[in-house]
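Have a look at the structure below before the remarks.
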Amino acid sequence: MAYKFAIISGSTRKKAPQSSKVAHYVKWLLEQQLEQETYLLDLSETSLKYWDETFWSDYKNFDENWAIASKEIRNSDALVIITPEWNGTIPPALKNIFHLATKGEMANKPALIISVSSGINGVYPITELRLNSFKNTFVNYIPQHVIVRNVNSVLNNPQAIETEDDKLIKERIDYTLKILMVYAEAFVKIRDSEIIKNNPFPYGM
Ligand SMILES: Cc1cc2nc3c(=O)[nH]c(=O)nc-3n(C[C@H](O)[C@H](O)[C@H](O)COP(=O)(O)O)c2cc1C
């Protein structure tokens, strides 16, 4: 059965962002190997307006790009959130999405986090996302995640194994996406539940 996966690539760098490379690999794998549908929101190509008070006062006209992205994410069954490590944090434009996606777009959908580092880092952005970004979005991060270390040297050719590290990371991404597919199927039932649909605490306690 095919589900729809919203892939968000969090780097806003214009010059060959490695997060976009990883995002395109994930897209290729989901579509070509696992026969799933995808939507890719690449923040190096699509600029979203930063949250300001017009989000509250005039939501319909807040941002054309967000209107499109919001609809696509809402129509998805699961998410893959790809974040580079920038000064130990996630990029501001990715953080912004968690201020925008507060109208149920990600709610009760499973999400896989993939962090990206040109060195051997990549843990901090995962802990940052897991710490609080689920609160008003109600996104469900699955226990598995992926850290793509030394990113420049892996995933450069989707169809051929180039090194031992390339093989390992491809196996890990393949495994975690297959796990995400199982969650995507299970969460359909969760979203259908009456108590989930009628949440009296949209902002927590
Ligand atoms: C502003 C900035 C800060 C960065 N800080 C870190 C860092 O704290 N840790 C790290 O491992 N890499 C850091 N990097 C390097 C990224 O890991 C590298 O650019 C990698 O390719 C992922 O980012 P990208 O998707 O923008 O290419 C930084 C890169 C930028 C542009």
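Both ligands and their constituent atoms are indexed starting at 1 by order of listing.
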Report yes or no: do Asn96 and Lys49 form a side-chain donor-acceptor pair below 3.5 Å?
->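 No, no side-chain donor-acceptor contact under 3.5 Å.
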
Any luck finding a side-chain donor-acceptor pair between Asp42 and Ser20 under 3.5 Å?
->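 Yes.
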
Residues which pass ring pair (Phe, Tyr, Trp, His ring centres under 6.0 Å) with Tyr141, listed by chain and number, not counting sequence neighbours |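 Partners of Tyr141 by the ring pair (Phe, Tyr, Trp, His ring centres under 6.0 Å) criterion come out as none, since no residue qualifies.
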
Quick one: ring pair (Phe, Tyr, Trp, His ring centres under 6.0 Å) partners of Phe62, sequence neighbours excluded?
->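 Testing Phe62 for ring pair (Phe, Tyr, Trp, His ring centres under 6.0 Å), a comparison that skips the adjacent residues, returns Phe55.
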
Measure and list all N/O to N/O distances between ligand 1 and the protein that fall under 3.5 angstrom.
from, atom 1, to, atom 2, distance (Å)
ligand 1, 5 (N), Asn87, N, 2.7
ligand 1, 8 (O), Asn87, N, 3.1
ligand 1, 8 (O), Gly88, N, 3.0
ligand 1, 9 (N), Glu85, OE2, 3.2
ligand 1, 11 (O), Ser117, OG, 2.7
ligand 1, 11 (O), Asn121, ND2, 2.9
ligand 1, 12 (N), Glu85, O, 3.4
ligand 1, 14 (N), Glu85, O, 3.3
ligand 1, 17 (O), Ser118, N, 2.9
ligand 1, 17 (O), Ser118, OG, 3.4
ligand 1, 25 (O), Gln18, N, 3.4
ligand 1, 25 (O), Ser19, N, 2.9
ligand 1, 25 (O), Ser19, OG, 2.6
ligand 1, 26 (O), Ser11, OG, 2.7
ligand 1, 26 (O), Arg13, NE, 2.9
ligand 1, 26 (O), Trp86, NE1, 3.3
ligand 1, 27 (O), Arg13, NH2, 2.6
ligand 1, 27 (O), Gln18, N, 2.9

Just jot down the side-chain hydrogen bond (donor to acceptor under 3.5 Å, both in side chains) partners of Lys71, sequence neighbours excluded, or say none.
->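 With neighbours one apart ignored, the set is empty.
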
Determine, stepwise, if the pair Met181 / Met1 fulfils side chain to side chain contact (heavy atoms under 4.5 Å, CB included).
-> CA-CA 9 Å; Met181 284 166 63; Met1 168 119 190; over 6 Å; no

